[in-house]
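Everything below concerns the one structure shown next.
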Protein chains: 4
Amino acid sequence: MRHRRGTDEFTRVLAFSDALFGIAMTLLVVGIGVPRLDDAGDPGELLSALWDLEPEITSFVISFAVIGRYWHAHHTFFALLDGVDGRLMTTNLVYLAFVAFLPFPTALLGEYFSNPVSVAVYAPVVAAISGLEVVMFVQAARGRLLRRAVPRGVFRWGMTASLLPVALFLASVPVAFLNTRLAVVVWLAVIPAELLLNRRRPAGADAYFSSV
Amino acid sequence: MRHRRGTDEFTRVLAFSDALFGIAMTLLVVGIGVPRLDDAGDPGELLSALWDLEPEITSFVISFAVIGRYWHAHHTFFALLDGVDGRLMTTNLVYLAFVAFLPFPTALLGEYFSNPVSVAVYAPVVAAISGLEVVMFVQAARGRLLRRAVPRGVFRWGMTASLLPVALFLASVPVAFLNTRLAVVVWLAVIPAELLLNRRRPAGADAYFSSV
Amino acid sequence: MRHRRGTDEFTRVLAFSDALFGIAMTLLVVGIGVPRLDDAGDPGELLSALWDLEPEITSFVISFAVIGRYWHAHHTFFALLDGVDGRLMTTNLVYLAFVAFLPFPTALLGEYFSNPVSVAVYAPVVAAISGLEVVMFVQAARGRLLRRAVPRGVFRWGMTASLLPVALFLASVPVAFLNTRLAVVVWLAVIPAELLLNRRRPAGADAYFSSV
Amino acid sequence: MRHRRGTDEFTRVLAFSDALFGIAMTLLVVGIGVPRLDDAGDPGELLSALWDLEPEITSFVISFAVIGRYWHAHHTFFALLDGVDGRLMTTNLVYLAFVAFLPFPTALLGEYFSNPVSVAVYAPVVAAISGLEVVMFVQAARGRLLRRAVPRGVFRWGMTASLLPVALFLASVPVAFLNTRLAVVVWLAVIPAELLLNRRRPAGADAYFSSV
């Protein structure tokens, strides 16, 4: 069944997704426990105890930024839609499952940054979320759920731009077993790669994809 | 009192349900704790520690899939409604209580899969949620809250199709005390049973029940 | 500033309240931990471990019922409104603070039912929530935020009916120090008292107050 | 891209923010654990155990009041808007990151009130939230997202009034190292300072800024 923009059923998909995003982002703070001190009034002791919490705080900041960025992309994508169907709603649920799961691999990465297994768990989850964005876009285009049909050239360019982070994040897994810092360099390579791709951006792509 | 579709009061029932669904699904990740390692940099040790988390991760995946499936059914059901009344809102609250409770029996099942008592707790909760879906449908039909009256033949067929999982999940409880794997076979029997029923699906049922 | 029904600002107050209600109700399940067994496959051991969880499960059921009932009353009250102002939004925030706090006294009561101090913490919180419902109704009537003006006789009757549970819950505190079961009898006395009051219900009250 | 008031995309920003605010406020109660007693029925023991929970309960009350006040300000600000753009949505995400983080410094302050390091963590977070309110207002004014253009005099007065708490909270950090109670006096100085500024409030400011 198809639910057009303007019905409560369309809005519900957004409201449900937003509740899930909001909770995933807020739950992150629960992981940061208040330290126990021997001398409650000693500034030096509290400062060093807070210093020990640095991985948890870094993990909160990264998770919030990553999930926030996906919320922004989700917002941009659904703004293109004229409606949803059962298939897209199911893919959205699978997408949200990975979003809800993300706090775990992020915490893992925060705790064991130098361990390649952390990267081997984290990077595929991020790749899956980006990949499911692509799946939803294809389903929307095929199911004629987009507000306007996408020109063929724009579609092909958009697919390349969207699959690039998927490919780089998957490629970072074997790299991590050589050196975890090098894996992060592969992640950051998304930025110059997207900038290069942006130069070949076809006219009319702006209405569908936000620029980097 | 009756609140028609289009009022803030109708939308609120959906928004409140969605908040509850979203939280129940996101809270599941809290149960997966980051493991403590002796040697933070040892890939083998982290891999085997993650392996020990397999029941928690399986439990997250199953819970997310089960609650996600109910959210989808809830979305389909409320799309049929022209309004809500106090009685339906109360039943919806009882239904949501079981949804909010579901993470506990799922965690139990994840931890003690081979213990028949886990099945004896999990299966009735799932049966109750499916049963309350039936109750809400009957209340909506009787209270003339559906957008269109349901033909008698469609109604009878729909009741059979909806009560089938309730019956099979309840029947799985004594089976579990013989063999817990056999109980899961009974659960999976829902799929061929629904496919058989679908062959006898009366014309016009598509507008009320999504196909399996 | 005043925000009329139909604006995003009015809807936001409802959506925010619903998010808070939904979370308070779902968080309750977090308190029920999966038991640790010596023999994972022993049905008798799991059954007795679940039996030990009975206070936590009872506490979940009571909390869900109590907060669910307040959600229902909140829904009924806001359905009467034509708009909100800053004062009502502030009172609503104070009201929601007590709702968000409720899981703690409920857990306390579930754990220490026979201890009068539990009752002395729980009952005033419930009385405060009911009392703040009254405050919001008075503010709405005075601020001309109701869809229709309330007749004087209906208003006076409604105040009596609403303050009755406040009075009985406060009265239960000293009673609890004699006998905690007697305090629960005082709580349950709300039901016959409201039924008696309902007999003296003035004509036209149905549009403002749901019947018990 | 710009999303005007009345679209699902505009409403989504509010719904997402409200979900995050609601969760941040409700999660606070999780920090208050039910005490374990030796004698479950002893009122004196439970009373003294609850007394020991006083910092956790105070921390809940302060956090709820502080986040509630920011929710109110967020509600007032978005009521002025005619639409949102990508830049404002991004700033709103950064703002919400600090809101979601706030429970941690509040818990720290509740636990180590007399330790200046707690103040040195808490005050800058509050200053950041107030500062980001100012940034959002400037972005909205520059991006022509406000319903009505703000007169120059009103804008300048509003900036002064909004930056005052930022300045005082930052100034309280060095003061805390002399005396933490004196730091709280600096925080409370916001109230008389705002009252003084209110006397110089230009005509027409009421439509943009709520009075203290």
With only heavy atoms counted, which part of [X] is less than 4.5 Å from chain B, the side chain, the backbone, both or neither?
X: A:Glu111; answer: side chain
X: A:Ser118; answer: both
X: A:Val121; answer: side chain
X: A:Leu102; answer: neither

For [X], does the [atom1] atom have more than 12 heavy-atom neighbours from other residues, nucleotides or ligands under 6.0 Å away?
X: B:Phe98; atom1: CZ; result: no
X: A:Arg147; atom1: CZ; result: yes
X: B:Asp39; atom1: CG; result: yes
X: A:Arg87; atom1: CZ; result: no
X: A:Arg181; atom1: CZ; result: no
X: B:Tyr95; atom1: OH; result: yes

>> For chain B, which candidate among A:Tyr112, A:Phe177, A:Phe113 shows the most heavy-atom pairs at distances under 4.5 Å?
In response: A:Tyr112
>> Less than 4.5 Å apart, side chain to side chain, heavy atoms only: is that true for A:Leu108 and B:Pro35?
In response: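 Yes, side chains in contact.
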>> Counting only non-hydrogen atoms closer than 4.5 Å, does B:His75 touch chain A with its backbone (N, CA, C, O), its side chain (CB onward), both, or neither?
In response: both
> Which bit of B:Ala79 is near chain A, if near means a heavy-atom gap under 4.5 Å: side chain, backbone, both or neither?
Replying inline: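 Backbone plus side chain of B:Ala79, per the 4.5 Å heavy-atom cut-off to chain A.
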Nearest 0.5 angstrom please: [X] [atom1] to [Y] [atom2], how far?
X: A:Thr7; Y: B:Arg5; atom1: OG1; atom2: CZ; answer: 7.5 Å
X: A:Met89; Y: B:Thr76; atom1: CE; atom2: OG1; answer: 6.0 Å
X: A:Phe104; Y: B:Ile57; atom1: CZ; atom2: CD1; answer: 5.0 Å

>> As an exercise: rank B:Phe60, B:Phe10, B:Phe21 by heavy-atom pairs under 4.5 Å with chain A and give me the winner.
In response: B:Phe60
> Between B:Thr26, B:Leu50, B:Val29, which has the largest tally of heavy atom pairs under 4.5 Å with chain A?
Replying inline: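 Answer, by heavy-atom pair count under 4.5 Å with chain A: B:Thr26.
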Please give me the minimum heavy-atom distance between [X] and [Y], naming the atom from each residue.
X: A:Phe16; Y: B:Asp18; result: CD1-O, 3.7 Å
X: B:Gly41; Y: A:Asn115; result: C-ND2, 3.5 Å
X: B:Pro43; Y: A:Pro116; result: CG-CG, 3.8 Å
X: B:Phe64; Y: A:Ala100; result: CE1-CB, 3.8 Å

>> For A:Ile23 and B:Met25: C-alpha separation, side-chain torsions, deciding distance, then whether side-chain contact (heavy atoms from CB on, under 4.5 Å) applies.
In response: CA-CA 10 Å; A:Ile23 301 149; B:Met25 288 163 90; over 6 Å; no
>> Can a donor-acceptor pair be found, under 3.5 Å and without considering hydrogens, that links the side chain of A:Asp8 to the backbone of B:Thr11?
In response: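 Pair absent, no side-chain N/O of A:Asp8 close to backbone of B:Thr11.
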> Would B:Leu27 and A:Leu27 count as a side-chain contact (heavy atoms from CB on, under 4.5 Å) if you check the C-alpha gap in whole Å, the side-chain angles of each, and the deciding distance to 0.1 Å?
Replying inline: CA-CA 8 Å; B:Leu27 274 183; A:Leu27 274 183; 4.2 Å; yes
